[in-house]
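Every chain is numbered from 1, with letters handed out A, B, ... down the list of sequences. Please read all numbers here as calculations on a predicted model, not as lab measurements.
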Amino acid sequence: MRSWHTAWALSPVEKVFVYNNTSIVQDEILAHRLGLIPIRADPRLFEYRNQGDEEGTEIDTLQFQLKIKCSRNPQAAKESSDPNELYFNHKVYSKHMTWVPLGNQTDLFPDADFRPVHDDILIALLRPGQEIDVLMHCVKGIGKDHAKFSPVATASYRLLPDITLLQPIEDEAAETLQKCFSPGVIEIQNIKGKKVARVANARLDTFSREVFRHEGLKNLVRLARVRNHYIFSVESTGILPPDVLVTEAIKILMGKCQRFLNELDTVPME
Amino acid sequence: MAESGERKAALEMVQADGTDGNCVTFVLHDEDHTLGNSLRYMVMKNPDVEFCGYCITHPSESKINFRIQTRGSLPAVEPFRKGLNDLMGVCQHVLDTFEVRLLPEELRGLLGQEGLRTSVTKSLMGFSGILSLTLV
């Protein structure tokens with residue numbers, strides 16, 4: 001799981017060349033915000049940039065342009081105070097970022113549609129007369145360097161819960177028991193006219209341990225975890241689907257092992 | 001990452017004088033808990049290993065000290081090599097099982113899988129068990 005956060009590569013905006021920024025968002029703040037926008041570009045299509053290389057070539061850099069100017073709407077009503085009516089382009093969204101192909105990228109990626117993952121990320125607010133004109137370079141990097149390079153939003157794991165009822169629990173106690181756990185965990189069945197509680201789906205439980213606050217119930221339930229059953233939850237930032245992330249992360253770990261196996265074979269043993 | 005041009009040693013071995021190769025400290029460059037902890041787990045499964053541990057010498061330096069001490073006269077390189085191979089085996093098994101189970105369910109949004117039990121060692125409590133994915 002650590003591979004997801006530290007070793008996987010992505011290409012968000014790394015360098016911002018500011019030609020004109022008359023908005024009230026300072027250059028560095030604007031650059032910081034642009035860097036955090038996830039860009040829909042498969043990192044496997046690009047190379048890492050060599051260290052010290054400032055310019056960037058077409059195999060390791062994606063170029064985007066953001067050029068927008070706010071102006072007054074002459075048709076707006078005189079008494080209106082709604083900025084949506086009064087001004088054009090006063091909200092700068094990520095959809096205003098356009099891809100500018102470098103070198104032979106138009107031939108390499110004829111069908112590619114490189115753009116931010118989400119179109120409605122608000123970057124800045126403008127008023128008439130203000131404009132933003134920046135050029136952005138996107139570079140491949142890994143999560144260990146900066147969190148913006150991480151392809152996962154959250155990745156976590158937990159063990160499968162194991163809930164055992166030590167004695168049959170009936171009637172009112174069953175109802176209370178059902179309320180102690182997350183919905184769907186405890187099911188109440190009607191057996192011979194009596195309501196009996198049964199563990200339906202322990203996997204849904206979030207382990208709030210509410211049941212231990214009830215004197216009558218706390219000794220009747222055993223909460224445990226199944227020791228060899230892990231549940232991983234992977235949330236992607238949208239660039240790559242989670243199943244791809246999982247397979248690639250496993251391959252990264254295998255790559256690390258292979259590297260040291262090769263080292264063992266090549267370095268003479270003392 | 002070790003370049004193929006100028007080769008930086010990614011792995012060094014430090015051995016105290018007087019021992020026979022049973023106790024070796026491997027210095028793994030450009031590594032952290034990702035490999036360290038996983039490898040330690042696999043090496044500890046080996047009954048010939050008396051001691052196995054790793055530490056990150058300093059958080060600013062990206063390297064780990066990985067120490068293995070074996071019982072008897074087994075050279076410490078052997079459990080290290082076996083641990084790496086076993087770890088690769090586990091990863092491969094997880095990958096294969098995952099990809100197989102992924103195929104028919106690709107069309108569905110939410111995906112659940114049965115627990116994976118590896119067959120690499122006799123009693124392996126998989127550190128990679130069930131995977132449940134939430135697509136964003």
Enter the distance from D243(A):CG to R101(B):CZ here, rounded to the nearest 0.5 Å.
-> 15.0 Å

Given side chains that start at C-beta, do those of L35(B) and F260(A) come closer than 4.5 Å, heavy atoms only?
-> yes

Closest non-hydrogen atom pair, Q258(A) against M88(B) | OE1-CE, 3.1 Å

L28(B) versus chain A, the contacting section by heavy-atom distance below 4.5 Å = both

Under 6.0 Å from the CZ atom of R209(A), do we count more than 12 heavy atoms belonging to anything else shown?
-> no

Can you say whether Q92(B) sits under 4.5 Å from chain A via the side chain, the backbone, both, or neither, judging by heavy atoms?
-> both

Between L253(A) and T34(B) the two heavy atoms that sit nearest each other are CD1-O, 3.9 Å

Nearest heavy-atom approach of C91(B) to I250(A) is O-CG2, 3.4 Å

If you look at every heavy atom in F98(B) and T247(A), which pair is closest and at what distance?
-> CD2-CG2, 3.7 Å

Report, as yes or no, whether the 6.0 Å neighbourhood of atom CZ on F109(A) holds more than 12 heavy atoms from other residues, nucleotides or ligands.
-> yes

Do L84(B) and E263(A) have side chains that get closer than 4.5 Å, going by heavy atoms?
-> no

